[in-house]
Amino acid sequence: KRTGLQRLQDNINSLKSVPLLESLSNDVLTKVADVLEVEFYPAGAYIIRQGASGDTFFIISSGSVKVTQRLPGHLDEEEIRTLGRGDYFGEQALLKEDCRTASVIALNPGVECLTLDRDSFNQLLGSLSEIKEKDYGDEQRMNRPVIPEQQEYD
Ligand code: CMP
């Protein structure tokens, strides 16, 4: 049976392989490992829904997700990109105390994430410059003029 200490060491080891966290001291990494929760999402699950409020930050420990966005004036969700092991998401709503800017959906055969709540995120990761400077260009995409469908005449 695995002890709490072994689990903590496992968590620290998987955190060390996340590029975002490379610059953190062992002390901070240990604190992160101590507070994180491990969550599993089956294929197709909406981990985040665009427009919802949210208090969780996610690091993918296995599997992959797709990020989709519904733009004003468009009916369909646009698929923006996929993220995989070692990538993170969900920081925008925490940084700006705003709604989720995109949806994030688990892909086959499911996804395991390490999650932090808002307070731990702010305390432990909030000062990372990569997070503060992250810009997906969403503002621009959101404000792009809607080009009407070409009318077809015969
Ligand atoms: P948040 O807005 O909290 O929830 C949705 C997340 O999707 C967002 O944080 C980012 O982590 C991520 N996200 C938003 N826009 C993009 C994008 N254009 N490319 C990749 N990830 C994105």
Side-chain angles (χ1 to χ4, degrees), residues 10-149:
D10 285 352
N11 286 345
I12 294 174
N13 287 339
S14 51
L15 291 176
K16 281 191 168 155
S17 66
V18 176
L20 171 72
L21 308 178
E22 257 168 16
S23 65
L24 294 180
S25 65
N26 274 325
D27 182 43
V28 175
L29 271 185
T30 306
K31 287 181 179 149
V32 173
D34 201 25
V35 296
L36 63 78
E37 308 268 348
V38 181
E39 313 241 5
F40 181 81
Y41 301 90
Y46 274 68
I47 305 172
I48 286 182
R49 255 178 220 282
Q50 182 176 358
S53 58
D55 291 303
T56 310
F57 174 72
F58 302 81
I59 296 170
I60 302 173
S61 51
S62 80
S64 51
V65 302
K66 69 176 176 184
V67 179
T68 69
Q69 228 169 18
R70 199 190 309 272
L71 300 175
H74 293 257
L75 291 176
D76 297 332
E77 291 187 349
E78 189 174 314
E79 194 170 326
I80 298 176
R81 58 170 302 186
T82 61
L83 304 172
R85 180 183 165 79
D87 290 328
Y88 61 87
F89 56 90
E91 78 290 353
Q92 293 299 318
L94 304 188
L95 288 171
K96 297 175 184 160
E97 304 201 17
D98 210 346
C99 293
R100 297 297 195 183
T101 58
S103 291
V104 180
I105 304 160
L107 293 174
N108 286 319
V111 177
E112 190 185 272
C113 289
L114 310 175
T115 66
L116 290 181
D117 65 21
R118 179 184 287 272
D119 288 344
S120 302
F121 170 81
N122 283 330
Q123 261 176 46
L124 300 169
L125 307 184
S127 64
L128 289 174
S129 54
E130 174 176 338
I131 288 208
K132 285 188 297 191
E133 286 155 20
K134 193 94 191 172
D135 181 4
Y136 299 104
D138 286 343
E139 297 277 311
Q140 255 174 313
R141 207 184 3 259
M142 287 289 179
N143 295 323
R144 200 169 55 189
V146 179
I147 300 160
E149 296 277 320

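Numbering of ligands and ligand atoms starts at 1, following listing order. Sequence positions, counted from 1, serve as the residue numbers for this chain. Quantities reported herein were computed from a predicted structural model and do not represent experimental measurements.
- Atoms of ligand 1 lying under 4.0 Å from any heavy atom of F89, numbered from 1 in the order shown and given with element: 11 (O).
- Between the side chain of S103 and the backbone N or O of Q50, at least one donor-acceptor pair lies under 3.5 Å.
- Ion pairing between R141 and D138 holds under the 4.0 Å rule for side-chain N and carboxylate O.
- From the protein, the heavy atom lying nearest to atom 18 (N) of ligand 1 is R141 NH2, 2.9 Å.
- When each atom of ligand 1 is checked for a heavy atom of A102 under 4.0 Å away, the hits are 5 (C), 7 (O), 14 (C).
- A centroid separation of less than 6.0 Å is found between the aromatic rings of F57 and Y88.
- Polar contact with ligand 1: present for A93 (N/O pair, distance under 3.5 Å).
- From the protein, the heavy atom lying nearest to atom 19 (N) of ligand 1 is Y136 CD2, 3.2 Å.
- Applying side chain to side chain contact (heavy atoms under 4.5 Å, CB included) to S64 and the options L107, L83, N108 leaves one that passes, L107.
- At the top of the distance list for atom 15 (N) of ligand 1, counting protein heavy atoms only, stands D138 OD2, 2.7 Å.
- For the ligand labelled ligand 1, residue G90 lies inside the 4.0 Å heavy-atom shell.
- Side-chain atoms of Q69 come within 3.5 Å of backbone N or O of T101 as a donor-acceptor pair.
- Using a 3.5 Å distance cut-off with no hydrogens or angles, the side chains of D27 and T30 do not pair a donor with an acceptor.
- Looking only at protein heavy atoms, the nearest one to atom 11 (O) of ligand 1 is E91 OE1, 2.7 Å.
- Distances from ligand 1 to the non-hydrogen atoms of K134 include no value under 4.0 Å.
- The backbone N or O of R100 lies less than 3.5 Å from no partner atom in the side chain of R49, so there is not a single donor-acceptor pair.
- Atoms of ligand 1 found under 4.0 Å from any heavy atom of R81 (numbered from 1 in listed order, with element): 19 (N), 20 (C).
- For atom 3 (O) of ligand 1, the closest non-hydrogen atom of the protein is R100 NH1, 2.7 Å.
- The proximity of T101 to ligand 1, defined as any non-hydrogen pair under 4.0 Å, involves the side chain as well as the backbone.
- Under a 3.5 Å cut-off, the side chain of N122 and the backbone N or O of D119 do not form any donor-acceptor pair.
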